[in-house]
Amino acid sequence: MADPNPNPIGAPARIDGNVLAAKSLARFGVDRMFGVVGIPVTSLANRAVALGVRFIAFHNEQSAGYAASSYGYLTGRPGVLLTVSGPGCVHGLAGMSNAMANAWPMVMISGSCDQQDFGRGDFQELDQVEAVKPFSKFSAKARDIREVPGCVARVLDHAISGRPGGCYLDLPTDVLHQTVTESEAESLLDEAEKCRLKEEIANVLSSQIEEAVALLRGAARPLIVFGKGAAFARAEDELRKLVEVSGIPFLPTPMGKGLLPDTHELAATAARSLAIGKCDVALVVGARLNWLLHFGEPPKWSPDVKFILVDVSKEEIELRKPFLGLVGDAKRVLELINKDIKDDPFCLGRSHPWVEAISKKTKENVSRMEAQLAKEVVPFNFLTPMKIIRDAILGLGSPAPILVSEGANTMDIGRAVLVQTEPRTRLDAGTWGTMGVGLGYCIAAAVASPDRIVVAVEGDSGFGFSAMEVETLVRYQLPVVVIVFNNGGVYGGDRRTSEEITGPYKDDPAPTSFVPTAGYHTLIEAFGGTGYLVTTPDELKHALSESFSARKPTVVNVIIDPYAGSESGRLQHKN
């Protein structure tokens, strides 16, 4: 029980666990939190705000968790999610597991039931430390108020150390109600500060750097592949130097796009199949050889390709068993590679057969795509509105908008059409292929980069996961424009064969169907935002021009032909 009179006259001033937790967060560098308040953490949120931590309140912990995970990626500091106990913690696991899958630093803080009542069926009782284990890299539980600063420091440090990921902090109700004197609180904070983890920087052997450079120099068809790990490491300058000095073509993974501009003359994105199928040495930086890169295996890759894998995680390199593994921070490893090349330069040159082959295939495929984009199709297919959106975004110049993309066809086609020119300006379903991230990512991006407008290009199914958060956009007046590709359902409405339309419920809507031409734009209008319904190129151009200029919360509802896309996007073989 909280002391009914924590500061009697003449006694030293005392603070409770809520205040001490808030002080710990502020002291250790947290300046933003995302979450849903309620028993027992409302006071913690209010105290944190009073200490200068901006709290973004959501409708659902799932979206708030996605926001916290992407905030960690965009800023390089742990994103923090605050939830209530029990079901709130469970809802928040979506965000924390997403952080783990994408290797993004995040901390989920949940209140929990009174310790003395655990096991007796207390309000929202759950062994939360046990529940989060499969989804977190580190967990801590403060069993006494005096443990709070140390626990806060540890979860923040573990989230960012080594390979980043999600960590969990459990704050029981009784701990939040306990008190200590203000002087003792300061001593506890000082002690926790002294004991913070020091990041250990892996030292790459000079012989390994020399071997990597020798492999690149001797390759007939080298390729540089980089992903969001390189983006997180802020390695864009080192990548640009390596590519431009060596003349080696490069291929970004989806969220690696923008580290070097998609328009760069050595970009191999439009010649992806040729690049990965024929390269003989691949330097892979901050990207895992998982499903997104076909596991580095034939038939997509040559059976003879030699991988040089740069990763912050020794375990990742041991799992993939590359020809050469370099454990370390991507930025630092690339600095060492560039230094070694500077001492003995080499450059493929534009007339190199490999560069010419990549360039030729890129031009052919881009030309083929542009011919498709040049056709104005109404009712809309996916390409016609995507080209209009691409041109409108490019027209904004720098700073480029942060693009958020989710959906099956919408995300797949958008990845091929939309152009990224600046680092960390693309957020999508990521390593886990997570749907429902859109609005959470939008809010995090707007909070992390207030100088940029945020543009979401989403399928109607992806939008539906978190659509209520448009109210959050309006409440905080965030510069977010959400463009919904409305094709009436998952993949595009009812796509069943006649053999599948049978049984006692055959007259029900198809499992993939939504209400046709739903008025998604009116949802944001109900909260005071701006909505547009568009069915023609001119209407879309007008809506984008106005919303990009206004930089206010907006939903643009783009009606798409329900049969324009394909089931499961590019992963039809898995469905």
Side-chain angles (χ1 to χ4, degrees), residues 32 34 54-60 62-71 73-75 79 95 255 258 385 388-390 392-396 399-407 410-411 414 418 420 422 424-429 435-460 462-486 520-534 540 542-558:
R32 303 288 187 273
F34 308 87
R54 189 181 190 193
F55 189 87
I56 307 297
F58 281 69
H59 290 271
N60 182 280
Q62 188 177 37
S63 291
Y66 293 144
S69 68
S70 57
Y71 185 83
Y73 167 67
L74 292 169
T75 64
M255 269 194 273
I388 294 169
I389 294 166
R390 179 194 70 179
I393 288 175
L394 288 174
L396 292 174
I402 294 178
L403 173 71
V404 176
S405 182
E406 68 173 330
T410 306
M411 185 172 66
L418 302 176
Q420 309 300 137
E422 296 179 13
R424 293 167 295 283
T425 55
R426 178 183 171 87
L427 296 167
D428 62 25
M435 291 296 120
V437 296
L439 270 293
Y441 281 7
C442 285
I443 292 165
V447 171
S449 303
D451 59 323
R452 298 180 188 267
I453 189 173
V454 179
V455 179
V457 182
E458 310 209 327
D460 50 357
F463 175 69
F465 279 86
S466 56
M468 193 62 184
E469 301 302 345
V470 298
E471 187 275 336
T472 311
L473 298 181
V474 175
R475 188 174 0 121
Y476 291 97
Q477 283 297 296
L478 300 175
V480 176
V481 177
V482 181
I483 304 167
V484 181
F485 275 48
N486 182 354
Y520 295 120
H521 58 294
T522 64
L523 181 60
I524 198 168
E525 290 175 341
F527 302 114
T530 304
Y532 295 90
L533 174 66
V534 303
L540 180 55
H542 172 74
L544 296 180
S545 175
E546 284 199 345
S547 59
F548 286 2
S549 296
R551 297 173 65 93
K552 296 290 185 181
T554 304
V555 170
V556 181
N557 186 8
V558 183

Ignoring hydrogens, what is the shortest heavy-atom contact between [X] and [Y]? Give both atom names and the distance.
| X | Y | answer |
| --- | --- | --- |
| V481 | K552 | CG2-O, 4.4 Å |
| E525 | T530 | CG-C, 4.4 Å |
| R54 | Y476 | NH2-CD2, 3.8 Å |
| L439 | S466 | CB-OG, 3.3 Å |
| F527 | M468 | CZ-CE, 3.5 Å |
| P479 | I453 | O-CG1, 3.5 Å |

Once you round to the nearest 0.5 Å, how far does [atom1] of [X] lie from [atom2] of [Y]?
| X | Y | atom1 | atom2 | value |
| --- | --- | --- | --- | --- |
| T410 | D460 | OG1 | CG | 7.5 Å |
| I388 | H542 | CD1 | NE2 | 13.5 Å |
| E546 | S549 | CD | OG | 8.0 Å |

Check: [Y] and [X] side chains under 4.5 Å, non-hydrogen atoms:
| X | Y | answer |
| --- | --- | --- |
| I483 | L544 | yes |
| M411 | F485 | no |
| P401 | L396 | yes |
| N557 | F463 | no |

Given V482, which of I524, L473, V455, V457 fulfils the side chain to side chain contact (heavy atoms under 4.5 Å, CB included) condition?
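Of all the options given, the one that passes is L473.
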Which one of F58, Y66, F55 satisfies the side chain to side chain contact (heavy atoms under 4.5 Å, CB included) criterion with F34?
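Testing F34 for a side chain to side chain contact (heavy atoms under 4.5 Å, CB included) against F58, Y66, F55 leaves exactly one candidate, F58.
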So, using salt bridge (charged side-chain N to carboxylate O under 4.0 Å, His left out) as the criterion, who are the partners of D428 when residues are at least two apart?
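D428 satisfies salt bridge (charged side-chain N to carboxylate O under 4.0 Å, His left out) with R426 once adjacent residues are dropped.
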Residues which pass salt bridge (charged side-chain N to carboxylate O under 4.0 Å, His left out) with R551, listed by chain and number, not counting sequence neighbours:
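Listed in chain order: nothing, the list is empty.
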Main-chain N/O of V474 paired to Q477 side chain as donor or acceptor, under 3.5 Å:
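Yes; judged by distance alone, with no hydrogens or angles, the pair exists.
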For F548 and I393, run side-chain contact (heavy atoms from CB on, under 4.5 Å): C-alpha distance rounded to whole Å, both residues' side-chain angles, the deciding distance at 0.1 Å, then the answer.
CA-CA 9 Å; F548 286 2; I393 288 175; 4.2 Å; yes
Counterpart residues, side-chain hydrogen bond (donor to acceptor under 3.5 Å, both in side chains), relative to E469 (two or more places apart)
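E469: side-chain hydrogen bond (donor to acceptor under 3.5 Å, both in side chains) contacts with T472.
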Those residues that, when tested against R32, pass side-chain hydrogen bond (donor to acceptor under 3.5 Å, both in side chains) (two or more places apart)
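None.
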side-chain contact (heavy atoms from CB on, under 4.5 Å) with F465: which residues, sequence neighbours excluded?
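For F465 the side-chain contact (heavy atoms from CB on, under 4.5 Å) partners, ignoring immediate neighbours, are M435, S461.
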Walk me through whether I402 and L427 qualify under side-chain contact (heavy atoms from CB on, under 4.5 Å).
CA-CA 8 Å; I402 294 178; L427 296 167; 4.2 Å; yes
Under 3.5 Å side-chain donor-acceptor pair for E406 and Y441:
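There is no such pair (donor and acceptor under 3.5 Å, judged by atom type) between the side chains of E406 and Y441.
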Using distance only, find each side-chain donor-acceptor pair of residues 442-452 under 3.5 Å and give its atom names and separation, not counting sequence neighbours.
unit_1 : atom_1 : unit_2 : atom_2 : d
R452   : NH1    : A400   : O      : 2.7
R452   : NH1    : E422   : OE1    : 2.8
R452   : NH2    : E422   : OE1    : 3.3

